[in-house]
2 protein chains.
Amino acid sequence: MADEALSAGAVARRLGIAVTTLRTWHQRYGLGPSEHVPGRHRRYTPADLIRLETMRRLTANGVAPAEAARWAVQAPDAALPGPGPRTGKRGARGGGGATIPVGRSGPAARGLARAAMRLDSNAINEVIDRAIRTDGVVTTWDTLLRPVLAGIGERHVATAALIEVEHLVSRCVSEAFAAVVRAHAPGGPPRILLSCADEEQHSLALEALGAALAEAGIAHRLLGARVPVRALLEAVDRTGPAAVVLWSQTRSTADPAQLTALLAGPHRPLLVFAAGPGWRADRLPAGVVRPVDLAEALSLAAAVRDSLDQSAAG
Amino acid sequence: MADEALSAGAVARRLGIAVTTLRTWHQRYGLGPSEHVPGRHRRYTPADLIRLETMRRLTANGVAPAEAARWAVQAPDAALPGPGPRTGKRGARGGGGATIPVGRSGPAARGLARAAMRLDSNAINEVIDRAIRTDGVVTTWDTLLRPVLAGIGERHVATAALIEVEHLVSRCVSEAFAAVVRAHAPGGPPRILLSCADEEQHSLALEALGAALAEAGIAHRLLGARVPVRALLEAVDRTGPAAVVLWSQTRSTADPAQLTALLAGPHRPLLVFAAGPGWRADRLPAGVVRPVDLAEALSLAAAVRDSLDQSAAG
DNA sequence: AATTCGACGCATGAATCGACGCAACTCGTA
DNA sequence: TACGAGTTGCGTCGATTCATGCGTCGAATT
C-alpha cells in the first residue's frame with residue numbers, strides 16, 4: 001500500500017468533479033495520469049494529483065480551463081497571477097456545463113461561480129478572502145459577490161434548483177465578512193446600529209456594510225435578520241446609537257412605519273438610513289436618508305462618525 | 001498465553017466469512033494476525049479480532065474492501081481526542097436585573113448572558129472564543145452555549161422580547177464556529193455532508209458539529225438551514241458524500257421521507273445520521289443512525305473519516 | 001486425522017473506458 | 001439586440017478492465 005495510485009473515481013470525488021470531466025480533461029488538455037495505456041484504467045499518482053489540484057485552483061480563480069490546464073501541465077505548483085495587468089486581452093470563450101451566469105463580471109466571479117457549483121467551500125472561501133484582501137470589502141461586494149449571488153438567485157428562481165448552492169455561498173460570504181470584522185479591532189464604542197427590517201430575511205448586504213465599516217475602523221452593532229420593530233426599538237433604547245441603518249430587500253418588508261417609529265422614539269438617533277432596494281423613495285418619512293449603494297452608505301456612516309468625534313472633541 | 005488465540009477457522013466462522021478470505025485479506029491488505037511466521041498457522045489475538053470486526057462492519061456497510069482494510073489497520077476503533085479537564089469551581093454570585101436564566105451553568109454562562117443583554121458583540125465573542133479555546137467545541141456547546149441560548153429562548157417565548165438578543169448571540173456563535181472551521185485547516189476532501197432538514201431553520205447545532213469535526217481534523221460540508229429535499233439530494237448526487245447528517249430541531253420538520261429518499265438515491269451515502277430532537281426513534285427507516293448528542297455524533301462521524309487523504313496537498 | 005498454509009484460478013459485479021451528444025454560457029458580429 | 005461560433009462540464013451507452021470473495025490442490029502444521 002506504499003504506492004498510492006488513486007483510481008479515477010477516487011480522484012474525481014476528491015476534486016469534487018465528475019469522473020467524466022476527469023476523462024475529458026485528459027483527452028482535451030492532456031491533463032491525465034503520467035502513465036496510461038489506452039483502454040486500461042487510469043491510475044493517478046500523487047504527482048498527477050498535484051497537477052489536478054492546480055488545475056482546480058486556477059479554474060476556481062477564474063482562469064479559463066484550457067489555459068489553466070496548459071499551466072498545470074508545465075508548472076504543477078503555480079502561484080496565481082497578480083491582480084495587476086491581467087485585465088485586457090483574452091481570446092478565451094468561457095462557458096460550459098451546469099454553471100452560474102455571471103456575465104462580464106471578471107474572472108474572479110467566474111471562478112467563484114465554478115467553486116460554488118461544486119459546493120467547494122474551501123475554494124469559495126479562498127476566492128472571497130483573496131478578493132477582500134486585494135480590493136476591499138466594497139469593491140468585492142459590488143463586483144464579485146453581488147453579481148454571483150444575483151446569478152444564483154436568478155437561476156434558482158427560474159429552475160427551483162441551486163438552492164443549496166445559494167445557501168452555501170451565503171454562508172461563506174457571511175463568514176468572510178465576520179472574519180473581516182473580527183480582524184479589524186473595533187475602535188471605541190459602536191454608535192451605529194445595523195438591522196434588518198421586520199420580517200426581512202436577507203442580511204447579507206448589511207453584513208457587507210458592517211464589514212466595510214470595520215474595514216474603515218468604524219465600530220458598529222449588527223442585529224441581523226428578521227428584527228421585529230419592537231425589538232429594534234428596544235435595542236435602540238438600550239444602546240442609544242447615533243445612527244441606525246434599516247435594511248429592506250423587498251418591497252413587502254419595507255414598511256415606513258418602522259422608520260417613523262424610530263424617529264419618534266425616546267432615544268431618537270441622529271440619523272436613520274433606509275437602505276436596500278425595498279424602500280420607495282417617495283414613501284419615506286422626512287429625516288430619513290436613503291443611500292443608493294454600499295459605497296454611499298459607507299461614506300454617510302463615516303460622516304456620522306466624524307461629526308461625533310468633533311462634537312466630542314469640542 | 002492461555003489467552004484466546006483463535007485459529008483461522010474459528011475466526012472465519014465467527015465473522016461469517018470463508019477461511020480463504022481471511023488469508024486473502026492478510027495477503028492483499030496486510031490485515032492479519034499481528035505476529036505470524038510464514039508457513040505456520042495464524043493465531044488471532046483479541047486485538048486482531050477487533051480489527052477484523054471493523055473490516056467486516058465497514059464492508060457490510062458498503063465501504064470498498066481495500067479502503068475498509070486500510071481503515072481497519074490504522075484505526076481499529078475510532079477513538080477521539082477527549083476534551084480538556086473540566087473548568088469550574090468559582091463561586092461568583094449572579095446578580096439581579098433583567099437577565100437571562102442560565103441555571104447553574106457556571107460563571108462563563110452568566111457572563112455571556114450579561115454581554116448578550118448589552119448587545120455587546122465584542123464581549124460575546126470574547127467569552128465564546130475563550131471557552132472554545134479552553135474547553136473545545138463540544139464542551140463549550142454543551143455547557144455554555146446551549147444553556148444560554150435555551151435561556152434566551154425561554155425568555156422570549158414567554159415575553160416576546162429579547163428576540164434581538166437571540167439573533168445577536170446566534171450570529172456570534174455562528175461566527176465563532178466558522179472561525180474554528182477556518183482556523184483548522186481542513187484535511188482532504190470533505191466526505192461528510194451536514195444539512196438541515198427541509199423547512200428546518202435552526203442550524204446552530206449543525207454548525208457546532210461542523211466546528212467539532214473541524215477541531216478533530218475532519219473535513220465536512222455544511223449546507224445550512226432550510227434545505228429542500230430536492231436540493232439535498234442534488235447536493236448528495238453531485239458531491240457523493242460518505243455520510244450525511246440531517247438535522248431536525250422540531251418534530252414538524254422531521255419527515256422520515258427525507259431519510260428514505262437519501263437512502264434510495266443513486267449516490268447512496270454509506271451512513272445517514274438523523275440528528276436533533278425532532279426525530280422520533282421509532283419512525284426512522286432502517287439503516288439510519290440516530291446520535292443522541294453532539295459528542296456521539298462526533299465520534300460516529302469520526303468513524304466515517306476518509307482514509308484516503310494522506311497525500312501532500314498545499 | 002483434522003486443519004491450515006500458500007499458490008493459483010475462477011466467477012461476478014462494480015468501476016472505468018472511449019465515443020458521442022447535450023445544454024448552457026460567452027463573445028464577436030451583424 | 002439577436003444570432004452563430006467556440007468552450008466546457010457532464011450524462012449516457014456498450015464494451016472492457018479490475019477488484020474481490022472463495023473453491024481447489026499438494027504440502028506442512030498441529
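The model shown is predicted, which means the values in this text are computed figures rather than measured ones. Below, all heavy atoms of this structure are taken into account, side chains as well, without hydrogens, waters or symmetry copies. We name chains A, B, ... by the order of the sequence lines, and we start the count at 1 in each one.
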Can you tell which of [options] lies closest to the side chain of [X]?
| X | options | result |
| --- | --- | --- |
| B:A8 | C:dC5, C:dG6, C:dA15 | C:dC5 |
| B:A66 | D:dT20, D:dG9, D:dG21 | D:dT20 |
| B:Q27 | C:dT16, C:dG6, D:dG21 | C:dG6 |
| B:A18 | C:dT4, D:dG23, C:dG6 | D:dG23 |
| A:R43 | C:dC17, D:dT8, D:dA19 | D:dA19 |
| A:T20 | C:dC17, D:dG9, D:dT12 | D:dT12 |
| A:W25 | D:dT29, D:dG9, C:dT4 | D:dG9 |

Has [X] got a side-chain N or O lying under 4.0 Å from the OP1 or OP2 atom of [N]?
| X | N | value |
| --- | --- | --- |
| B:R23 | C:dC5 | yes |
| B:R42 | C:dC5 | yes |
| B:T21 | D:dC22 | yes |
| A:S7 | C:dT16 | yes |

Check your understanding: With a 4.5 Å heavy-atom cut-off, do A:W279 and A:R251 have their side chains touching?
Key ->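 Not touching, per the 4.5 Å side-chain cut-off.
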
**Study point:** A:V127 side chain reached by A:L144 side chain, heavy atoms, under 4.5 Å
**Key:**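 The answer is yes, as the side chains (C-beta and beyond) meet within the 4.5 Å cut-off.
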
Take the protein atom [atom1] of [X] and the nucleotide atom [atom2] of [N], then report the distance between them rounded to whole Å.
| X | N | atom1 | atom2 | result |
| --- | --- | --- | --- | --- |
| A:Y44 | D:dC18 | OH | C1' | 16 Å |
| A:R114 | C:dA24 | CZ | P | 17 Å |
| A:R56 | D:dT8 | CZ | C1' | 18 Å |
| B:Y29 | D:dC22 | OH | C1' | 12 Å |
| A:H26 | D:dG9 | NE2 | P | 16 Å |
| B:H41 | C:dT4 | NE2 | P | 7 Å |
| B:E67 | D:dC18 | CD | P | 20 Å |
| A:D120 | D:dG9 | CG | P | 15 Å |

Practice item. Identify whether the distance between the nearest side-chain nitrogen and carboxylate oxygen of A:E67 and A:R70 falls below 4.0 Å. Key: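 Answer for the salt bridge query: no.
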
**Study point:** More than 12 heavy atoms of other groups within 6.0 Å of A:E35 CD
**Key:**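 No - once you tally the heavy atoms of other residues, nucleotides and ligands closer than 6.0 Å, there are 12 at most.
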
**Study point:** Position toward the 5' end of DNA chain D (nearest nucleotide), B:I17 or A:R28
**Key:**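 Mapping each residue to its closest nucleotide by heavy atoms, the 5'-most match is A:R28.
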
Exercise for review: Return the minimal non-hydrogen interatomic distance between B:S34 and B:T45, and the atom names on each side.
Suggested key: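 Smallest heavy-atom distance, with atoms named: OG-OG1, 4.1 Å.
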
